[in-house]
Amino acid sequence: MPELPEVETIRRTLKRFILDKTIEEIIVYWPNIVKYPDDVEEFKHMLIGQTFRDIKRSGKFLRFELDHHVLLSHLRMEGKYSVHDQTEPLAKHTHIIFKFTNGEELRYHDVRKFGTMHVFPKGKEFEQKPLLQLGPDPFEREFTLPYFQEKLGRTSRSIKAALLDQTIVAGLGNIYVDETLFKAGVHPAKKANELTVSEIKAIKKFATITLQEAVEQGGTTIRSYVSSDGEMGMFQQELFVYGQENEACKNCGDLIVKIKLAGRGTHICTTCQKE
DNA sequence: TTGGGTGTTGAGTA
DNA sequence: ATACTCAACACCCA
């Protein structure tokens, strides 16, 4: 569920709770979440005794920086972090616990168990999967018009599929791709390499604006997303097309329709977004 | 009741 | 290279 704005909100709220906290013990109830190292005991060994120094973000990945290692965490559809006193009862679907030396603990909760974690020595995290192939997010300096033009010009896939491709631009998911393409007035089925320069400029501009505004609103809560202090996002009030099927387009009044594209539910106004 | 859909992504196939 | 299906898993709703 979380896309860039939700991950960024989680990053900011979680920082307040875990910086300078030291890991004393780790409990893993669902080992499949730990992708690297493949041995869970080694995963624990690399982190125990270390202190959280910072939390950063790359696209939809959280990067927990400790003294000597970095924990990469991808929330996929339903991953959540929260901090509790160790005496509080565990919620259902809590799969990994990082116990601190101060009696608190960081809990990873994930109803669908799709989330992933990787641990690498500090500085090595960008040299291998999963960050190696990740493109820049719209807030990074590398996300320039020439870069974006070059990437889009090299694929005949739909612009929807291209924007969901995290190696081209990181951080957009199904909600923000649909919102971006609506605001840019581009039909999601249009082939990426057939877009005009002005369409590419509009997509770039509205992707950045939409993500920025969603960060300012604390993300989008559709069903289950809450940040690490339990707060819901507010950006769902600002959605133009996502989840708005059979509602009137806020721009022209025609009905928003939902189609299937790139394997995903896709929301469009067929008047504002011509093929 | 049950099957299809869900804010993600990777693998396998043609 | 791309598109399509399936997989991981649990829950919700028509």
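Because the structure is predicted, anything quoted here is derived from the model rather than measured. Protein chains get the first letters and strands the later ones, always in sequence-line order, with residue 1 at the start of each.
- Taking the ring centroids of A:Tyr29 and A:His95, they lie at or beyond the 6.0 Å cut-off.
- Listed candidates were B:dT8, B:dG7, B:dT6. Nearest to the side chain of A:Ile175 is B:dG7.
- If you measure from atom NZ of A:Lys80 to atom C1' of C:dA10, you get 12 Å, rounded to the nearest angstrom.
- The nearest heavy atom of DNA chain B to A:Pro130 and to A:Gly263 marks one nucleotide each, and the one closer to the 5' end goes with A:Gly263.
- Within the 4.0 Å cut-off from OP1 or OP2 of C:dA1, not a single side-chain nitrogen or oxygen of A:Thr155 is found.
- A donor and an acceptor atom sit less than 3.5 Å apart, one in the side chain of A:Arg112 and one in the base of B:dT6.
- Taking atom CD of A:Gln166 as the reference point, atom C1' of B:dG7 lies 12 Å away to the nearest angstrom.
- Look at A:His93 and you won't find any side-chain N or O under 4.0 angstrom from OP1 or OP2 of C:dC9.
- Not one side-chain nitrogen or oxygen of A:Arg264 sits closer than 4.0 Å to the OP1 or OP2 atom of B:dG5.
- Between A:Phe61 and A:His74, the gap from one ring centroid to the other is short of 6.0 Å.
- Phosphate proximity of C:dA8 to A:Lys35: absent, as no side-chain N or O sits under 4.0 Å from OP1 or OP2.
- Note on A:Lys191: nothing from the nucleic acid sits closer than 4.0 angstrom, heavy atoms only.
- Where A:Ala161 and A:Arg76 meet DNA chain C, the nucleotide closest to each residue was compared, and A:Ala161 sits on the side nearer the 5' end.
- Of the side-chain N and O atoms in A:His74, none sit less than 4.0 angstrom from OP1 or OP2 of B:dT8.
- As a whole-Å value, the separation of A:Glu78 CD from C:dA10 C1' is 8 Å.
- Comparing the same atom, C1', in C:dT5 and in B:dG4 gives a spacing of 15 Å after rounding to whole Å.
- Picking from B:dT8, C:dA10, B:dT6 the nucleotide with the shortest atom distance to the side chain of A:Lys113 gives C:dA10.
- A distance of about 15 Å separates the P atoms of C:dC4 and B:dG5, rounded to the whole Å.
- Within 4.0 Å of A:Ile222, counting heavy atoms only, lies at least one base atom of the nucleic acid.
- Atom NE2 of A:His109 and atom P of C:dC11 are 10 Å apart (whole Å).
- The side chain of A:Lys129 approaches B:dA11 more closely than any other nucleotide in the set B:dA11, B:dG7, C:dA8.
- Shown here, C:dC9 forms no base pair; nothing in the strands shown gives a Watson-Crick or G-U wobble contact with both key distances under 3.5 Å.
- In this structure, A:Tyr81 has its ring center closer than 6.0 angstrom to the ring center of A:Phe64.
- Between A:Ser156 and C:dT2 there is a side-chain polar atom (N or O) within less than 4.0 angstrom of OP1 or OP2.
- The separation between A:Asn174 atom CG and B:dG5 atom P is 13 Å, rounded to whole Å.
- The A:Tyr242 side chain lies nearest to B:dG7 when the options are B:dG5, C:dA8, B:dG7.
- Relative to the six-membered ring of A:Phe240, A:Lys250 meets both conditions, a distance below 6.0 Å and an angle of at most 45° to the axis.
- Put simply, CZ on A:Phe114 is 15 Å from P on B:dA11, counting in whole angstrom units.
- A side-chain donor from one of A:Glu216 and A:Gln212 sits under 3.5 Å from a side-chain acceptor of the other.
- When the P atom of C:dA10 is taken as reference, atom CH2 of A:Trp30 falls 6 Å away, rounded to whole Å.
- A salt bridge (charged side-chain N to carboxylate O under 4.0 Å, His left out) with A:Asp178 is found for one member of A:Lys258, A:Lys160, A:Lys183, A:Arg264 and no other, namely A:Lys160.
- Taking atom CG of residue A:Leu152 and atom C1' of nucleotide C:dA1, one finds them 16 Å apart after rounding to whole Å.
- Side-chain nitrogen and oxygen atoms of A:Tyr176 include none within less than 4.0 Å of the OP1 or OP2 phosphate oxygen of B:dG7.
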